[in-house]
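Below is one structure, written out as structure tokens; the observations come after it.
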Amino acid sequence: MPDIRTLSAEEARAAIPDLAEVLADCVAGGASVGFMQPYAPEDAARYWLEVAEAVAGGSSLLLVAELDGRIVGTVQVGAAQMPNQPHRGDLKKLLVHRSARGKGLARLLMEAAEREAATRGKTLLVLDTATGSDAEAIYPRLGWQRVGVIPDYALWPEGGFCDTTLFYKRLC
């Protein structure tokens with residue numbers, strides 16, 4: 001049974017090697033999550049250090065999925081918004097290592113992220129994901145509402161333009 005938990009800043013720093021492996025694996029697998037190939041765990045470690053600092057500052061929540069004591073999935077909630085948006089959070093970087101897919105971890109991470117965001121007063125979450133990706137199919141099944149598509153929003157990790165689909169979910 002997977003263990004889903006929210007990490008403190010100290011735990012996030014200690015988990016950087018595992019988190020870096022998950023991110024590098026997802027980018028190698030073609031996930032459009034902000035990084036270009038080739039992308040090694042050493043490259044990803046710098047990103048996760050920034051995330052740990054955001055957790056320390058209270059601007060992000062970092063959740064992980066563990067199997068057999070190893071982190072194999074993660075998701076973040078950006079909790080710091082502009083003064084006129086204290087009710088909103090940004091769901092970011094839902095990642096599951098390719099070796100752990102098909103076990104329901106994405107669903108468990110999303111449900112836990114939604115609960116954690118709600119306990120912090122968030123009533124609305126938003127996200128964007130690569131149009132046509134496997135990830136895009138997950139969100140409607142979890143109750144997220146599709147808003148629309150922005151063409152040429154980013155690049156696929158191997159190059160070439162990638163559209164993005166926007167989603168939202170009310171938590172109340």
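Just the heavy atoms: all of them, side chains too, but no hydrogens, waters or symmetry mates, feed the values below. Bear in mind that the values here come from a model prediction, so they are computed numbers and not experimental data.
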Are R46 and E50 ion-paired here, with the side-chain N under 4.0 Å from a carboxylate O? no
Before accepting this row, confirm whether a basic side-chain N of the pair R120/E116 lies closer than 4.0 Å to the acidic partner's carboxylate O. yes
Counting C-beta onward and ignoring hydrogens, is there a side-chain heavy-atom pair between [X] and [Y] closer than 4.5 Å?
| X | Y | result |
| --- | --- | --- |
| D128 | F167 | no |
| L166 | I150 | yes |
| K92 | V75 | no |
| L23 | Y39 | yes |
| V126 | L91 | no |
| R88 | K122 | no |

Report yes or no: do [X] and [Y] form a side-chain donor-acceptor pair below 3.5 Å?
| X | Y | result |
| --- | --- | --- |
| D90 | Q76 | no |
| T129 | E136 | no |
| E114 | W144 | yes |

So, the side chain of [X] versus the backbone of [Y]: is there a donor-acceptor pair under 3.5 Å, distance only?
| X | Y | result |
| --- | --- | --- |
| T131 | T165 | yes |
| W48 | I16 | no |
| D18 | R70 | no |
| Q81 | G78 | yes |

One pair to check against side chain to side chain contact (heavy atoms under 4.5 Å, CB included): R5 and E66. What are the steps and the verdict? CA-CA 8 Å; R5 61 190 181 98; E66 294 176 312; 3.1 Å; yes
Give the minimum heavy-atom separation between [X] and [Y], together with the two atoms involved.
| X | Y | answer |
| --- | --- | --- |
| P41 | A20 | O-CB, 3.3 Å |
| E11 | T6 | OE1-O, 3.9 Å |
| L63 | A113 | CD2-N, 3.7 Å |
| V22 | I71 | CG2-O, 3.6 Å |
| A106 | I138 | CB-CD1, 4.1 Å |
| G58 | A79 | O-CB, 4.3 Å |

Inter-residue atom distance [X].[atom1] - [Y].[atom2], 0.5 Å rounding:
| X | Y | atom1 | atom2 | value |
| --- | --- | --- | --- | --- |
| Q85 | L124 | CD | CG | 9.5 Å |
| I4 | R115 | CD1 | CZ | 9.0 Å |
| L61 | S8 | CG | OG | 12.0 Å |

Verify side chain to side chain contact (heavy atoms under 4.5 Å, CB included) between L155 and C162, making sure each step is shown before the conclusion. CA-CA 5 Å; L155 297 174; C162 170; 5.8 Å; no
Side-chain heavy atoms under 4.5 angstrom apart, residues restricted to Ile, Leu, Val, Met, Phe, Trp, Tyr: same cluster for [X] and [Y]?
| X | Y | result |
| --- | --- | --- |
| L49 | V33 | yes |
| L67 | L19 | no |
| V149 | Y168 | no |
| L105 | V64 | no |
| V55 | L109 | no |

Side chain to side chain contact (heavy atoms under 4.5 Å, CB included) evaluation trace for M110 with Y139: CA-CA 9 Å; M110 291 291 290; Y139 303 113; 3.6 Å; yes
Trace of the ring-ring contact (aromatic ring centres under 6.0 Å, His included) decision for Y47 with F35: CA-CA 10 Å; Y47 168 75; F35 306 99; 5.3 Å; yes
Walk me through whether V96 and V72 qualify under side chain to side chain contact (heavy atoms under 4.5 Å, CB included). CA-CA 6 Å; V96 176; V72 294; 5.6 Å; no
